[in-house]
Amino acid sequence: MNDTPVEKKVRTKPKWETDAIERLKVSIKKFAKPLADLCERDANEGDTRLIVTDFLCDGLGYDKYTELTTEYRVKGEFADFGIRLDQQMVAFIEVKRVNTKLGEKQLRQVQNYALNEGVEWVLLTNGHDWQIYRITLGLPVETHLVFQADLLSDQNIAQKATAFFLFTREAIKRGLIDEMWLNRRATSPKALKEILCSAPVLDVLRKEIKKKTGQTVDNTQLLGLLESTVIRTDCTQ
């Protein structure tokens, strides 16, 4: 018998990814004090927008002149920022003053921009709190919070850099945030409930119960038991 321990394979990050994360670390450290100062003096939206612009470029890697567009006109209104990659608009960004608590009202505003332009990603920020939402176009429209991180939180710089990585230019270009979203949607409580309560799975459960206990139950009974005793309704609404 071979007692040699099996070595776990460690994913080796490509250079572009490690470079992006290192750039984020430098940028997060650089902007910590200016952001704290903005909060201290309750800076206005214009000043907040300046530091957001710098972080989009220095931290997240977007080119200020070719990939960011400001005051993008959408049906008579103006989005604070649009992110355009390969001539395609991929996200809208709404910036609020640094001490504004981000909520449904601000989200609704930028959500409307996305719906009107067929854009699936929106970002809401007050400079330190960053929230990224996925807009599922169709009827009904669904908006999901995919990512939230705060540049002034108690997390260490490495944790913050890892959190922000998926919205870097490099990750967006390679579709990593879309892959993450598809994986999260496929394994959401709602999706798992649908699979667990499907006829094929109920058939397997019914057969296993018969095999292990000798008891016969039907799919309707199993479904009722799962929904009343196993599946948390607060997680699948």
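Rounded to the nearest 0.5 angstrom, Leu196 CG and Ser198 OG are separated by 7.5 Å. For the atom pair Cys197 SG and Leu222 CG, the distance stands at 10.0 Å (nearest 0.5 Å). One finds the CG atom of Asp203 at 11.0 Å from the CG atom of Asp218 (value rounded to the nearest 0.5 Å). Here the CD1-NZ distance, from Ile157 to Lys29, works out to 6.0 Å after rounding to the nearest 0.5 Å. Leu50 contributes atom CG, which lies 15.5 Å from atom CZ of Phe55 (distance to the nearest 0.5 angstrom). Note: Glu67 CD to Met89 CE = 11.5 Å, rounded to the nearest 0.5 Å.
Looking at Asp63 and Arg169, no side-chain N of the basic residue comes within less than 4.0 Å of a carboxylate O on the acidic one, giving no salt bridge. Salt bridge status for Arg23 with Glu170: present, with a side-chain N to carboxylate O gap under 4.0 Å. Between Lys30 and Asp54 no salt bridge is recorded (no basic side-chain N to carboxylate O distance below 4.0 Å). Between Lys210 and Glu208, no side-chain nitrogen of the basic residue sits less than 4.0 Å from a carboxylate oxygen of the acidic one, so the salt-bridge criterion is not met. Under 4.0 Å is where a charged nitrogen must lie from a carboxylate oxygen, and between Asp86 and Lys173 at least one such pair does.
A donor-acceptor contact closer than 3.5 angstrom is absent between the side chains of Gln106 and Lys101. Lys13 and Thr18 share no donor-acceptor pair across their side chains, judged by distance under 3.5 Å alone. Side-chain contact annotation: Asn219 with Arg206, donor-acceptor N/O pair under 3.5 Å present.
Contact between Val201 and Ile195 at its shortest, heavy atoms only, is CG2-O, 3.2 Å. Between Ser153 and Lys160, the shortest heavy-atom contact is O-NZ, 3.0 Å. Annotation for Asp42 and Asn99: closest pair OD1-ND2, 3.1 Å, computed over non-hydrogen atoms. Ala161 approaches Leu24 most closely through the heavy-atom pair O-CD1, 3.4 Å. When all heavy atoms of Leu192 and Ala186 are compared, the closest pair comes out as CD2-O, 4.5 Å. Contact detail for Phe167 and Ala91: the closest heavy-atom pair is CZ-CB, 4.1 Å.
Hydrophobic clustering (side-chain heavy atoms under 4.5 Å, transitive across Ile, Leu, Val, Met, Phe, Trp, Tyr) keeps Val26 apart from Ile51. Clustering ILVMFWY residues whenever any of their side-chain heavy atoms sit less than 4.5 angstrom apart, transitively, puts Leu225 in a cluster other than the one holding Leu202. Under the 4.5 Å side-chain heavy-atom criterion for grouping Ile, Leu, Val, Met, Phe, Trp and Tyr, Leu145 is connected to Val141 within one hydrophobic cluster.
The environment of Phe78 atom CZ is dense: over 12 non-hydrogen atoms of other residues, nucleotides or ligands sit within 6.0 angstrom.
A donor-acceptor distance shorter than 3.5 angstrom exists from the side chain of Thr125 to the backbone of Gly127, with no hydrogens or angles considered. Side-chain N or O atoms of Glu117 include none that pairs as donor or acceptor with a backbone N or O of Ala114 at under 3.5 Å. Looking at Asp19, its side chain never comes within 3.5 Å of a backbone N or O of Ile21 through a donor-acceptor pair. Counting only distance, with no hydrogens or angles, the side chain of Thr100 and the backbone of Lys96 share no donor-acceptor pair below 3.5 Å. A donor-acceptor pair is defined here as one N or O able to donate and one able to accept, closer than 3.5 Å; such a pair exists between the side chain of Arg184 and the backbone of Val146.
Looking at Ile83 and Thr69, their side chains never come closer than 4.5 Å, going by heavy atoms from C-beta outward. Residues Thr53 and Lys64 form a side-chain contact, since some pair of their non-hydrogen atoms from C-beta on lies under 4.5 Å apart. A heavy-atom distance below 4.5 Å is found between the side chains of Leu56 and Leu68. Taking the side chain as every heavy atom from C-beta outward, Glu94 and Tyr113 approach each other to under 4.5 Å.
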- Task: Take Ile172 and Leu166 through the test side chain to side chain contact (heavy atoms under 4.5 Å, CB included) and record every step on the way to the result.
- Result: CA-CA 7 Å; Ile172 292 286; Leu166 280 176; over 6 Å; no

- Walk me through it: do Val95 and Leu124 pass the test side chain to side chain contact (heavy atoms under 4.5 Å, CB included)? CA-CA 6 Å; Val95 181; Leu124 189 59; over 6 Å; no

- Task: Take Asp150 and Trp130 through the test side chain to side chain contact (heavy atoms under 4.5 Å, CB included) and record every step on the way to the result.
- Result: CA-CA 6 Å; Asp150 196 320; Trp130 294 68; over 6 Å; no

- Query: Does the pair Leu115 and Ile135 meet the rule for a side chain to side chain contact (heavy atoms under 4.5 Å, CB included), with working shown?
  - Reply: CA-CA 8 Å; Leu115 290 174; Ile135 309 295; 3.6 Å; yes

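For Phe92 and Trp121, the gap between ring centers reaches or exceeds 6.0 Å. Outside the 6.0 Å centre-distance limit, the rings of Tyr133 and Phe147 are not counted as a close aromatic pair. Taking the six-membered ring for Trp and the full ring otherwise, the centers of Phe81 and Tyr72 sit at least 6.0 Å from each other.
The only option from Leu176, Thr136, Ile132 that meets the side chain to side chain contact (heavy atoms under 4.5 Å, CB included) definition with Trp181 turns out to be Thr136.
A search for side chain to side chain contact (heavy atoms under 4.5 Å, CB included) contacts involving Ala43 returns Leu38, Arg41, Asp47, Val98, not counting sequence neighbours. In terms of the salt bridge (Lys or Arg N to Asp or Glu O under 4.0 Å) criterion, residue partners of Arg49 (sequence neighbours excluded) are, by chain and number, Glu45, Glu71, Asp80.
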